[in-house]
Protein chains: 2
Amino acid sequence: MTEKKELILETALRLFADEGFDTTSTSKIAREAGVSEGLIFRHFLNKEGLMDAVLDLCEVRMNPHIEAIAEEIDPRKRIQKIIDLTYTLYQEEREFWQLQFTIKWQSSYKQDHKKNAPYYQKLMKIGVDSFRELKYYEPEKELALLSLLMEGFGTMMIKTSDPTSIESSLEFIKSKY
Amino acid sequence: MTEKKELILETALRLFADEGFDTTSTSKIAREAGVSEGLIFRHFLNKEGLMDAVLDLCEVRMNPHIEAIAEEIDPRKRIQKIIDLTYTLYQEEREFWQLQFTIKWQSSYKQDHKKNAPYYQKLMKIGVDSFRELKYYEPEKELALLSLLMEGFGTMMIKTSDPTSIESSLEFIKSKY
DNA sequence: GTCTATACGGGGATAGAC
DNA sequence: GTCTATCCCCGTATAGAC
């Protein structure tokens with residue numbers, strides 16, 4: 001991986017996450033990365049290929065967070081950690097995380113990415129198992145509900161800039177489990 | 001309002017909702033509406049003006065649904081109706097409703113539309129009041145939580161095509177209130 | 001009110017020099 | 001590996017005829 005190639009990936013990640021895939025032009029990426037536009041196509045074939053490469057990076061960076069949750073033995077704490085995850089990722093890996101949300105609404109890029117991502121499937125499995133250990137009546141439905149909640153919470157974090165209300169919502173959600 | 005003008009609005013609504021504002025070209029709208037592209041600009045000045053007009057329509061169509069909820073006297077049933085609303089709107093006014101979600105992720109159109117829409121603010125007020133009547137400890141936070149849930153649920157409805165899991169989620173959410 | 005024709009810029013992508 | 005120059009299409013928007 002050359003320095004310029006990394007620079008392109010980094011810039012593409014930032015712009016795709018903040019401004020969307022459809023609305024970010026390859027020329028803008030090149031300009032902001034300080035490279036020629038042709039180089040993008042040399043390295044990644046086309047704009048889709050660039051996004052694919054960004055998402056591969058994404059998967060690598062998400063994995064350690066999932067592992068950390070998997071190691072927690074107390075199922076109650078595991079659920080709390082899953083809830084915290086959305087918040088933590090937003091703080092520590094904002095661009096990667098935000099991209100997962102943005103991508104859903106970009107019609108020209110393949111859908112179902114997040115749902116099919118290995119890190120996401122691992123997380124879902126951990127969640128159901130935790131609810132089951134805690135003897136919830138319908139662990140699958142509980143996880144589905146929690147997923148909806150975290151989807152909404154993630155959207156809120158990205159779209160509102162008020163840290164107080166974000167943290168207050170987070171605590172309130174956690175108090176319910 | 002001439003027939004062609006209405007045709008443009010209708011087509012724009014459908015395409016903006018399904019494919020996004022950024023990714024829908026005025027030429028496509030014109031083609032699918034069976035009018036000349038110039039006519040769009042004649043009637044709506046520019047693409048943003050067209051979206052503004054679509055959103056005005058939106059507001060008009062949303063209002064009756066909100067009124068119907070406001071008339072319910074039992075606060076518990078009122079909450080249930082608020083939860084049902086997302087589902088009902090998706091069935092009956094799919095394009096209008098979907099547009100509210102899509103628009104959030106279209107970087108070139110003004111943000112905060114939904115939050116500022118009169119129909120939405122009315123709905124929020126009804127929600128807080130209902131929780132207060134029901135003696136919930138923190139009505140504002142409860143509504144915020146429910147909003148997150150409905151945001152997630154709305155996203156799910158739009159992005160998954162499995163009616164069974166949608167209805168199951170809806171019932172499960174309602175069972176929690 | 002409506003259409004046709006057209007302007008102009010920016011989009012993704014390629015060729016070829018270094 | 002990297003850059004410059006260039007291609008062609010499609011985007012929004014305008015002018016002017018009917």
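Not measured: the values here are computed from a predicted model. All values below come from the heavy atoms of this structure, side chains included, with hydrogens, waters and symmetry mates left out. Here is the naming used below: chain letters follow the sequence lines, and residue numbers restart at 1 for every chain.
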message: Measure CG/Asp22(A) against C1'/dG12(C) and give the value in whole Å, please.
response: 13 Å
message: OP1 or OP2 of dG11(C) versus the side-chain N and O atoms of Ser27(A): is any pair under 4.0 Å?
response: yes
- prompt: According to a strict under-4.0 Å criterion, is Lys4(A) in side-chain N/O contact with OP1 or OP2 of dC3(D)?
  reply: yes
query: Where the side chain of Thr11(A) meets the backbone of Ile29(A), is there a donor-acceptor pair that is under 3.5 Å apart?
result: no
query: Roughly how far apart are Thr26(B) OG1 and Phe41(B) CZ, rounded to 0.5 Å?
result: 4.0 Å
query: Distance from Glu93(B) atom CD to Thr88(B) atom OG1, nearest 0.5 Å?
result: 10.5 Å
- prompt: What is the distance, rounded to the nearest whole Å, between atom CG of Leu39(A) and atom C1' of dC18(C)?
  reply: 14 Å
message: Heavy atoms from C-beta onward define the side chain here; which of dC3(D), dG12(C), dT4(C) lies closest to that of Lys47(A)?
response: dG12(C)
- request: Would you mind reading off the distance between Arg31(A) atom CZ and dT4(D) atom C1', rounded to a whole angstrom?
  value: 16 Å
statement: Here the distance between atom P of dT2(D) and atom NZ of Lys5(A), to the nearest Å, is 10 Å
message: Students often get this wrong, so: under 4.0 angstrom with heavy atoms, is Thr24(A) touching a base, only sugar-phosphate, or nothing?
response: sugar-phosphate
- request: Round to a whole Å and report the spacing from CZ of Phe41(A) to C1' of dT6(D).
  value: 14 Å
query: Which listed nucleotide (dA13(C), dA13(D), dC3(D)) is nearest to the side chain of Glu37(A)?
result: dA13(C)
message: Between Thr26(A) and dG12(C), is there a contact of a side-chain N or O with OP1 or OP2 at under 4.0 Å?
response: yes
Single hit among Glu72(A), Glu71(A), His65(A) for side chain to side chain donor-acceptor pair (under 3.5 Å) with Lys81(A): Glu72(A)
message: Measuring to OP1 and OP2 of dG11(D), would you say a side-chain N or O of Ser25(B) lies under 4.0 angstrom away?
response: yes
- line: Here the distance between atom C1' of dG12(C) and atom CE of Met51(A), to the nearest Å, is 16 Å
- prompt: Nearest 0.5 Å, what's the NZ-OG1 distance between Lys28(A) and Thr23(A)?
  reply: 8.5 Å
query: Roughly how many Å is it from CD in Glu6(A) to P in dG1(D), rounded to a whole number?
result: 13 Å
field: Whole-Å distance separating the CZ atom of Arg42(A) from the P atom of dA5(D)
entry: 18 Å
